[in-house]
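In listed order, ligands and their atoms are each counted from 1. Treat the numbers as computed from the prediction; the structure is a model and nothing was measured.
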Amino acid sequence: VKDFGRDGFCKFSQDLAEAVDERLALETALRQALRENQLQVHYQPVIDLAQGRMVAVEALARWRHAERGEIAPCSFIRLAEETKLILPLGGWMARTAIGQFRLWRERGMELDYVSINTSGIELFDPGFVDGLFEALDEHGLEGRHLQIELTENVLMQDYEACRRVLLRLRQQGVRIAIDDFGTGYSSLAYLKQLPIDMLKIDRSFIKDVPGDPGDCAIVETIIAMAHRLGLATVAEGVETEEQEDYLLAIGCERLQGYRYARPLDPVSLERLHADSVRQ
Ligand code: C2E
Ligand code: CA
Ligand code: CA
Ligand code: CA
């Protein structure tokens, strides 16, 4: 404390004040963006190799701030979680994605489901499940047309509550995927106790296959385990042909990544889908 001289302290409190200001400013801006409908949803295709087509899309939030430009989801989603703004944000994302999916199906696009990212705060919110069922109902869709993506950490927060919510969703056929699989803190026991459909293998394990023997061991083990448990797998972050060839060879049925498409605005996604069908 002795060396923490006056200047040092001023600098410290100034930095802190700036950080607090910055956070508040961002929070205010996010509230406004939500109120004024300034967020957007982009969609990234999920490719099924055996079927050779886009079978699903993942909805990802986008925020273009008037002055700051594009703000990365990882920063505003975290802020939204800390401020509970994730509840209105997530509700809006789900309704928008479900509405878009209905439009696409009406126009003859053959997609099996749309996938949305779900934070723990949303999952444990009492209105969460009913909100999803209402949105599906409103658009004449069934549970199987929707997938929610949860991280392992969410499952570990409150296992019993999680189980109840997931069973309700499962009863209506909503698909449940574990996102970023392999990166969280969790036991594997939940895989046989919870109604899980899909493991999304985190990009960090995919990045260096097939070159890195350690990553290959992990990815092959996840896929073998998933299959024995009757779960499907999606590899995230596939960027190269080598990765694709390898993943195909080891039996990973679904792929997602820049090799196929970046997350796209709805018009671009629809165009890509049309082109891929025409081929
Ligand atoms: P995520 O759910 O793991 O989403 C995949 C992220 O990887 C996306 O980043 C996507 O653009 C990126 N990605 C996809 N393919 C590739 C690839 O081949 N290479 C590389 N380098 N990256 C790829 P994005 O859109 O920036 O989203 C970041 C994270 O923010 C998401 O990670 C998700 O955790 C969160 N997020 C985004 N939208 C929502 C939302 O609506 N609700 C919630 N709760 N979280 C969201
Ligand atoms: Ca995800
Ligand atoms: Ca992921
Ligand atoms: Ca993530």
Side-chain angles (χ1 to χ4, degrees), residues 30 33-34 38-47 54 56-64 69-101 113-125 128 131-132 135 146-155 157 175-184 196-209 219 222 233-244 246-247 252 254-265 268-269 272:
L30 183 58
L34 280 167
Q38 290 167 3
L39 298 189
Q40 292 171 306
V41 188
H42 281 195
Y43 298 88
Q44 188 177 35
V46 178
I47 308 299
M54 182 190 307
V57 288
E58 175 177 359
L60 293 155
R62 292 291 178 266
W63 180 18
R64 183 179 280 284
E70 192 85 37
I71 301 178
C74 58
S75 55
F76 74 81
I77 292 294
R78 198 159 137 206
L79 178 77
E81 287 175 342
E82 288 165 3
T83 55
K84 297 254 169 109
L85 284 173
I86 196 71
L87 291 174
L89 191 159
W92 178 83
M93 282 292 298
R95 289 190 302 275
T96 306
I98 288 168
Q100 181 65 61
F101 183 82
Y113 59 91
V114 60
S115 198
I116 58 173
N117 292 283
T118 304
S119 298
I121 295 167
E122 295 175 78
L123 191 78
F124 299 124
D125 184 68
F128 174 69
L132 292 182
L146 180 67
Q147 172 169 280
I148 64 164
E149 301 191 5
L150 303 167
T151 60
E152 293 161 290
N153 300 357
V154 170
L155 304 183
Q157 273 175 38
R175 299 163 193 254
I176 296 151
I178 306 303
D179 205 358
D180 308 340
F181 184 76
T183 62
I196 310 288
D197 300 283
M198 169 99 64
L199 301 183
K200 299 192 73 173
I201 306 170
D202 191 66
R203 181 166 84 237
S204 60
F205 300 120
I206 303 298
K207 197 165 60 76
D208 296 322
V209 298
V219 171
I222 292 174
T233 49
V234 175
E236 300 188 312
V238 180
E239 296 185 358
T240 69
E241 188 178 350
E242 288 68 42
Q243 291 170 328
E244 177 186 293
Y246 167 76
L247 290 161
C252 183
R254 293 189 173 187
L255 309 176
Q256 194 178 342
Y258 293 170
R259 171 157 171 78
Y260 312 101
R262 296 191 173 242
L264 298 169
D265 63 80
S268 306
L269 190 284
L272 178 76

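For the residues I206, D179, L39, the heavy atom positioned nearest atom 2 (O) of ligand 1 is part of D179. Comparing heavy-atom distances from atom 20 (C) of ligand 1 across Q256, K207, E239, R259 singles out E239 as nearest. Nearest to atom 37 (C) of ligand 1 by heavy-atom distance, out of L60, T183, I86, is L60. Nearest to atom 12 (C) of ligand 1 by heavy atom, out of H42, R203, K200, is R203.
Side-chain N or O atoms of N117 include none that pairs as donor or acceptor with a backbone N or O of I148 at under 3.5 Å. In this structure, the side chain of E152 engages the main chain of G182 through a donor-acceptor pair within 3.5 Å. Checked by atom type and distance alone, the side chain of Q44 pairs as donor or acceptor with a backbone atom of A261 at under 3.5 Å. Between the side chain of E82 and the backbone N or O of L79, no donor-acceptor pair lies under 3.5 Å. With hydrogens and angles disregarded, a donor-acceptor distance shorter than 3.5 Å links the side chain of D197 to the backbone of I176. The backbone N or O of L264 lies less than 3.5 Å from no partner atom in the side chain of S268, so there is not a single donor-acceptor pair. Judged purely by atom type and a 3.5 angstrom limit, S119 has no side-chain atom pairing as donor or acceptor with the backbone of E122.
Residue-level check: among N/O/S atoms of E149, OE1 sits closest to the Ca ion (ligand 2). Distances from the Ca ion (ligand 3) to the N/O/S atoms of D180 are shortest for OD1. Summary: OD2 is the N/O/S atom of D179 found nearest to the Ca ion (ligand 2).
On a distance-only criterion, R62 and ligand 1 share at least one N/O pair closer than 3.5 Å. Checked by distance only, ligand 1 and A59 stay at 3.5 Å or farther apart across all their nitrogen or oxygen atoms. Remark: ligand 1 and E81 share no N or O pair separated by less than 3.5 Å (distance only, no angle test).
Atoms of ligand 1 lying under 4.0 Å from any heavy atom of E58, numbered from 1 in the order shown and given with element: 2 (O), 4 (O). Close contacts between ligand 1 and P73 involve ligand atoms 24 (P), 25 (O), 26 (O), 27 (O), 30 (O), 37 (C) [criterion: under 4.0 Å to a heavy atom]. Near M93, meaning under 4.0 Å from one of its heavy atoms, ligand 1 places the atoms 41 (O). Close contacts of ligand 1 with E236, meaning ligand atoms under 4.0 Å from a residue heavy atom, involve 3 (O). If you number the atoms of ligand 1 from 1 as listed, the ones under 4.0 Å from a heavy atom of I77 come out as 36 (N), 39 (C), 40 (C), 42 (N), 43 (C), 45 (N), 46 (C). The contact set between ligand 1 and D180, taken as ligand atoms under 4.0 Å from a residue heavy atom, comprises 3 (O). Residue contact check: S119 has heavy atoms under 4.0 Å from atoms 44 (N) of ligand 1. Heavy-atom proximity to Q44, at under 4.0 Å, picks out these atoms of ligand 1: 14 (C), 15 (N).
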| Verdict with supporting geometry, E239 and K207, salt bridge (Lys or Arg N to Asp or Glu O under 4.0 Å) | CA-CA 8 Å; E239 296 185 358; K207 197 165 60 76; over 6 Å; no
| Worked check of side chain to side chain contact (heavy atoms under 4.5 Å, CB included) between F181 and D202 | CA-CA 5 Å; F181 184 76; D202 191 66; over 6 Å; no
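Between the Ca ion (ligand 3) and D202 there is no N/O/S contact shorter than 3.0 Å. Among the atoms of E58, an N, O or S atom is found under 3.0 Å from the Ca ion (ligand 2). For the Ca ion (ligand 2), the set of nearby N, O or S atoms under 3.0 Å includes none belonging to E236. For N117, the nearest N, O or S atom to the Ca ion (ligand 2) falls under 3.0 Å.
Residues passing the side chain to side chain contact (heavy atoms under 4.5 Å, CB included) test with R64, sequence neighbours excluded: E70.
Side chains of N153 and T151: no donor on one and acceptor on the other come within 3.5 Å. Under the 3.5 Å distance criterion, with hydrogens and angles disregarded, a donor-acceptor pair is assigned to the side chains of Q147 and S115.
Ligand 1 does not have A72 within reach: every non-hydrogen atom of the residue lies 4.0 Å or more from it. Assignment of P263 to the shell around ligand 1 is supported, since a heavy atom sits closer than 4.0 Å.
Nearest heavy atom pair, residue I121 against residue K84, reads CG2-CD, 4.0 Å.
Within a 6.0 Å radius of CZ in R259, other residues, nucleotides and ligands contribute more than 12 heavy atoms.
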